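Take a look at the structure below.
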Amino acid sequence: TPSADEWTRISDFPIPELYFASGFAIGERGYVTLGKVDDNYYTAVTRYTPATDTWEFMSNKPGEGSSMKSPVFVINGKAYVPAAGEMYEYDPDLNSWTKRAYPAELQYFGSGVAFSIGNKGYMGIGWIHNQSEVTPRLFEYDPVTDHWKRMADFRGIPRTNPVCFTLPNGKAYVGLGIVSGTMYLHDMWEFDPVTNIWTRMDDFPGSARYS
C-alpha cells in the first residue's frame, strides 16, 4: 500500500514455480499469463481480485506460449499479449481472445518493453530469438486499424531486459538492462510519441541492473 508504505502478504499464486511470465492490470484486477515451469510452456491466464484476495483461472491464451518475458500492453481496457511471433487481444468483459496483427520484423520477440500512451501501444527494444540478437527498434500499434508502424529507434545501447514506465505527461521512460550477459546498464531515456524523439535523461542513481 503506497500511502502507508507497507507490504502485506496476499494469497499465493496458483501455479507454483512459474517463471519468465507476463503480467498486466485492467481496472481493479491483475492478470498473469505465459511463462514456463520446467519444460512446460503455459498459456493459462490467472486473474487476481484484491477485494476478495482470490486468484481464478480465465480463458487460456490461444496459440503458443513463451518464456521470453513477453511484454504486454493495455489499451482501453483490453490487453495485447504477444508470444512466438503473433499477438492476441484479451477482452476481460467477455473473457475472450481475438488474434491481431503483429510486427513481422520482431519475429519471436521477448525480454523487451511494452507500454501504452493514449490510444496507442508500443513494443520493442529487446531480444529477437530467431536472429539471436538484440534490437533497438520500436513499433507503434493502432488498435482501431490493427496496424503497426515503426517509430524512431531507441538511441541507447541495444539491450535486453530493460525497464520501462509511462507518466501522465504522455511520455515513456526506458532504461537499465543488460548487454551480452555481462554488462549491466543504468542509463535512462525519455520517448515522446508526438515528436517521435528519444532524449537522454539523468542516469538511474542506483547500481546498474536489469529485469
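None of the values given here were measured: they were computed from a predicted structure. Every heavy atom of this structure was used, including side-chain atoms; hydrogens, water molecules and symmetry mates were not. If you read the sequence from its start, that first residue is 1, and numbering goes on from there.
The shortest distance between side-chain heavy atoms of Tyr31 and Val72 does not fall below 4.5 Å. Residues Arg150 and Arg137 are in side-chain contact: their nearest non-hydrogen atoms beyond the backbone lie under 4.5 Å apart. The shortest side-chain heavy-atom distance between Lys78 and Pro143 does not fall under the 4.5 Å cut-off. No side-chain heavy atom of Asp192 sits less than 4.5 Å from a side-chain heavy atom of Thr199. Side-chain contact between Asp187 and Asp203 is present, with heavy atoms from C-beta onward closer than 4.5 Å. Counting heavy atoms from C-beta on, the side chains of Lys69 and Ser211 come closer than 4.5 Å. Under the 4.5 Å side-chain criterion, counting only non-hydrogen atoms from C-beta, Ser207 is not in contact with Tyr184. By the 4.5 Å heavy-atom criterion applied to side chains, Phe165 and Val174 are not counted as neighbours.
Counting non-hydrogen atoms of neighbouring residues, nucleotides and ligands closer than 6.0 angstrom, the CG atom of Asn130 exceeds 12 such neighbours. Taking a 6.0 Å sphere around CG of Asn119, one finds it holds 12 or fewer heavy atoms contributed by other residues, nucleotides or ligands. Within a 6.0 Å radius of OH in Tyr210, no more than 12 heavy atoms belonging to other residues, nucleotides or ligands are found.
Counting only distance, with no hydrogens or angles, the side chain of Thr33 and the backbone of Ala44 share a donor-acceptor pair below 3.5 Å. A donor-acceptor pair under 3.5 Å links the side-chain atoms of Asn95 to the main chain of Ser59, judged by distance alone. In terms of modelled atom types and a separation under 3.5 Å, the side chain of Asn196 and the main chain of Ala152 share a donor-acceptor contact. Panel note: side chain Arg159, backbone Gly177; no donor-acceptor pair is recorded below 3.5 Å. A donor-acceptor pair is defined here as one N or O able to donate and one able to accept, closer than 3.5 Å; no such pair exists between the side chain of Ser111 and the backbone of Trp127. Of the possible donor and acceptor atoms, one in the side chain of Asp146 sits under 3.5 Å from a partner among the backbone N and O of Ala101.
Put simply, OG1 on Thr52 and CZ on Arg29 are 7.5 Å apart, with the number rounded to the nearest 0.5 Å. Note that the CZ atom of Phe204 and the CE atom of Met188 stand 7.5 Å from one another [nearest 0.5 Å]. Distance check, rounded to the nearest 0.5 Å: OG1 of Thr1 to CD of Glu6 gives 6.5 Å. Atom CE of residue Met123 and atom CE of residue Met151 lie 14.0 Å apart, to the nearest 0.5 angstrom. Lys149 NZ to Phe139 CZ: the interatomic distance, rounded to the nearest 0.5 Å, is 12.5 Å.
Residue Arg209 forms a side-chain contact (heavy atoms from CB on, under 4.5 Å) with just one option from Asn161, Leu176, Leu185, and that option is Leu176.
In this structure Tyr42 satisfies the ring pair (Phe, Tyr, Trp, His ring centres under 6.0 Å) test with no other residue, sequence neighbours excluded. Qualifying side-chain contact (heavy atoms from CB on, under 4.5 Å) partners for Gln131, counting only residues two or more places apart in sequence or in other chains: Gln107, Ile128, Glu133. Evaluation of the side chain to side chain donor-acceptor pair (under 3.5 Å) rule for Asp53 yields Ser11, Tyr48 as partners, not counting sequence neighbours.
Residue Val179 comes nearest to Pro158 through the heavy atom pair CG2-O, 3.6 Å, listed as atom of the first residue, atom of the second, then distance. Nearest heavy-atom pair, Phe115 versus Cys164, reported as atom, atom and distance to 0.1 Å: CD2-SG, 4.2 Å. Scanning both residues, Ala84 and Gly65, for their nearest heavy atoms gives CB-O, 4.1 Å. Annotation for Ile117 and Ala172: closest pair CD1-N, 3.9 Å, computed over non-hydrogen atoms. Contact detail for Lys36 and Tyr41: the closest heavy-atom pair is NZ-OH, 3.6 Å. Scanning both residues, Val81 and Lys61, for their nearest heavy atoms gives CG1-CD, 3.8 Å.
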**OP:** Test Arg200 against Arg155 for side chain to side chain contact (heavy atoms under 4.5 Å, CB included), laying out the working first.
**Re:** CA-CA 8 Å; Arg200 178 81 180 258; Arg155 291 182 55 208; 5.9 Å; no

**OP:** Any chance you could lay out the side chain to side chain contact (heavy atoms under 4.5 Å, CB included) test for Tyr122 and Phe73, step after step, and finish with the verdict?
**Re:** CA-CA 8 Å; Tyr122 300 85; Phe73 56 90; over 6 Å; no

**OP:** Determine, stepwise, if the pair Ile157 / Met183 fulfils side chain to side chain contact (heavy atoms under 4.5 Å, CB included).
**Re:** CA-CA 11 Å; Ile157 299 171; Met183 179 182 177; 4.0 Å; yes

**OP:** List the steps, then state whether side chain to side chain contact (heavy atoms under 4.5 Å, CB included) holds for Glu64 with Thr43.
**Re:** CA-CA 7 Å; Glu64 298 183 42; Thr43 57; over 6 Å; no

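Relative ring orientation between Tyr141 and Trp148 is described as tilted, the plane-to-plane angle lying within the 30° to 60° band. Between Phe13 and Trp55, the two ring planes are perpendicular [angle over 60°; tilted spans 30° to 60°].
Val113 and Tyr173 fall into different hydrophobic clusters, where Ile, Leu, Val, Met, Phe, Trp and Tyr residues are linked whenever their side-chain heavy atoms come under 4.5 Å apart, directly or through other members. Under a hydrophobic clustering in which Ile, Leu, Val, Met, Phe, Trp and Tyr are joined whenever their side-chain heavy atoms come within less than 4.5 Å, directly or via other members, Tyr88 and Phe109 fall into different clusters. Using a 4.5 Å cut-off between side-chain heavy atoms of Ile, Leu, Val, Met, Phe, Trp and Tyr, with links allowed through other members, Ile75 and Met87 fall into the same hydrophobic cluster. Residues Phe191 and Leu167 are members of separate hydrophobic clusters, defined by side-chain heavy-atom contacts under 4.5 angstrom among Ile, Leu, Val, Met, Phe, Trp and Tyr. Under the 4.5 Å side-chain heavy-atom criterion for ILVMFWY residues, no single connected hydrophobic cluster contains both Phe20 and Leu34.
A donor-acceptor contact closer than 3.5 angstrom is absent between the side chains of Ser96 and Asp91.
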